[in-house]
Amino acid sequence: LGDLNYRITSDVPDSVVFDYAKNDFQRLLSRDQLLVSQNAGFAFVGFTEPPITFPPTYKYIRGSSQYDDRKEKKIRAPSWCDRILYCLHDASSSTEVSRITVVDYNHVPSMVTSDHKPVFQRAVVLVKKYDEECMRRLREATEEVLQKGNDGGVPRVLVSSTELDFGEIQYKVGAHQIVQIRNDSDSNAYYRFLPKDKENHVISSLFSLSTLFGVILPRQTLSLSIELFIDRSNIKSVQNGEINEMIAFRVDNEQDHYITLKARFLATSFTRSVQELVRTSHPARANETVDLTQPPLRVVPHELWCMVDCLYRHGMMTPSLWRVPSSPAALAAIRECLDTGKTLEGANVSDVANTLVEWLESLGSPIIDKSFLMGMETVQDLTCSFVDTLLAMHPRENRNVFIYVMKFLQEILQYSQWNQLDVDFLVILFSHAFLGLPMNAEAKNEETAAVWNTVMAIIRFLLTPP
């Protein structure tokens, strides 16, 4: 028994099948693939199926008893996909009482949770002997089901938790939780998460869900994974450090369910502007309010000074700087030191170097504003006057950071015989960083490529000895 997936033979047009299925389905039985195959001896040899007296059980519009003939959907002509056959190993002789007497073979038109209609068969089976204990258990189990009542095919869903607290969340350190959604019924539970905006997003960009729709089988449990991850691309969705979100999912023929999500984002120097950072007197985690009208407290951000100082004292001769990626955990540890004011003493210098580039890329606004270079052709012969003019167009805080980093790069190149760094490599790496672009970013058009080439030319000019 089951969805055997037999259809009407292909010589009958779909339009005729739809017409006969609604008005005179008996005419279709002579073209039923299962019966044709069985009569020809190709399938189910020795099996018996009671006479079919019910209309095709597939394909219906889910939630109704109407065949699905919508033009915008892939047409599936009505057919008897769902069948029950039986086989007797020792067939009864002509003088014996039939050992199986089918008293009912029909479909259940009231079931609307699927695009199939289920079929059932009731039969009287003659046996020589039976296990009384087994029969008693089966009778009790059947009576228990009947006492619970018929739920009419309506699923019943239980959610393990409707309120999730992700706690304190750090920049670029993911957190996830699991919600168990159980189908506590004998019907399939078809679920889908509901969109919350015009773009059909079911949740903000801060979160991701392991699944958006599907089916939970009877008495089965779905483990829904919800991940929270904050980086430069979505941090603007965080307001005042508090994260409050609600998601909703709907189960067909049942109610909507809601899950609230909350978290507290720990303030970071990453993604803040240089203008803010030079005016803070405490580590970023203190989430200090900054008055941009006040004069800066330092020439460059303290976080930048800490990383450059660590590299200057411990990493100038370290080979393969910036050439070996750091693990997410290592980068997170350096970020935590910078954001909480802890010392970098003893930190791995390669991790500090990689964090320096990440910090530059993540700033709220890039050190070099590409709008000043838009429309400008790539400069072939750079001069100090050109570089000075370009830097003068930027805020003082940006100029200071650019000059500070360039001075450091000039210094570290003096140790190239030990650290294996060269001008070309640093040009590519820091042109990305100064423009606020990750290393895997590509120029989207010729204008952007021209800006990129100009920035690389400037860095190369400043790093190449006269």
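Not measured: the values here are computed from a predicted model.
- Tyr190 carries Arg62 over the face of its six-membered ring, with the cationic atom under 6.0 Å from the centre and within 45° of the normal.
- Residues Leu462 and Met406 come closest through the heavy atom pair CB-CE, 3.8 Å.
- Taking the six-membered ring for Trp, Phe44 and Tyr86 have ring centres at least 6.0 Å apart.
- Under the 3.5 Å distance criterion, the side-chain polar atoms of Ser37 are left unmatched by any main-chain donor or acceptor of Leu34.
- Here the shortest heavy-atom pairing between His394 and Asp369 reads NE2-N, 2.8 Å.
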Under the side-chain hydrogen bond (donor to acceptor under 3.5 Å, both in side chains) criterion, do Asn188 and Thr113 qualify, and how do the steps go? CA-CA 7 Å; Asn188 287 344; Thr113 57; over 6 Å; no
Given Arg219 and Arg182, is the side chain to side chain contact (heavy atoms under 4.5 Å, CB included) satisfied, shown in steps? CA-CA 7 Å; Arg219 309 297 172 182; Arg182 176 171 174 76; 3.9 Å; yes
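- Aromatic ring centres of His116 and Tyr60: separated by at least 6.0 Å.
- Annotation for Ile216 and Leu222: closest pair CD1-CB, 3.9 Å, computed over non-hydrogen atoms.
- Centroid-to-centroid, the aromatic rings of Trp452 and Phe434 stay 6.0 Å apart or farther.
- Between Tyr67 and Tyr58, the distance separating the two ring centers is not shorter than 6.0 angstrom.
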Derivation and outcome, side-chain hydrogen bond (donor to acceptor under 3.5 Å, both in side chains), residues Thr57 and Asp82: CA-CA 7 Å; Thr57 58; Asp82 311 281; 2.6 Å; yes
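- At most 12 heavy atoms of other shown residues, nucleotides or ligands fall within 6.0 angstrom of atom NZ in Lys370.
- Across all their heavy atoms, Leu85 and Arg83 have their closest contact at CD1-CB, 4.0 Å.
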Would you check, one step at a time, whether the test side-chain hydrogen bond (donor to acceptor under 3.5 Å, both in side chains) holds for Asn398 with Arg396? CA-CA 5 Å; Asn398 292 50; Arg396 177 179 56 185; over 6 Å; no
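- The two residues Trp359 and Glu303 have their closest heavy-atom pair at NE1-CB, 4.0 Å.
- Sorted by first and then second residue, the pairs that involve residues 208-254 and meet ring-ring contact (aromatic ring centres under 6.0 Å, His included), not counting sequence neighbours, are Phe193-Phe249, Phe249-His257.
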Could you please spell out the steps behind the side-chain hydrogen bond (donor to acceptor under 3.5 Å, both in side chains) verdict for Tyr191 and Glu254? CA-CA 10 Å; Tyr191 69 91; Glu254 211 230 12; over 6 Å; no
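- Just one residue in the list His302, Arg298, Glu288 forms a side-chain hydrogen bond (donor to acceptor under 3.5 Å, both in side chains) with Ser281, and that residue is Glu288.
- Between Arg7 and Asn5, some side-chain heavy-atom pair lies under the 4.5 Å cut-off.
- When the shell of 6.0 Å around CD of Gln26 is examined, it contains more than 12 heavy atoms from other residues, nucleotides or ligands.
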Assess the residue pair Phe408 and Trp305 against the criterion (ring-ring contact (aromatic ring centres under 6.0 Å, His included)); give the C-alpha distance rounded to whole Å, side-chain angles, the decisive distance to 0.1 Å, and a yes or no. CA-CA 11 Å; Phe408 168 67; Trp305 178 88; over 10 Å; no
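- Between Glu245 and Ile259, the closest side-chain pair of non-hydrogen atoms is not below 4.5 Å.
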Below 3.5 Å, can you tabulate the donor-acceptor pairs from side chains in residues 329-340 to any protein atom, sequence neighbours excluded?
unit_1	atom_1	unit_2	atom_2	d
Arg335	NE	Tyr171	O	3.4
Arg335	NH1	Glu358	OE1	2.9
Arg335	NH1	Glu358	OE2	3.2
Arg335	NH2	Tyr171	O	3.2
Glu336	OE1	Arg285	NH2	3.0
Glu336	OE2	Arg285	NH1	3.2
Asp339	OD1	Thr268	OG1	3.4
Asp339	OD1	Ser269	N	2.9
Asp339	OD1	Ser269	OG	3.0
Asp339	OD2	Thr268	OG1	2.7
Thr340	OG1	Glu336	O	2.5

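- To the nearest 0.5 Å, atom CD1 of residue Ile247 and atom CG of residue Leu194 are 10.5 Å apart.
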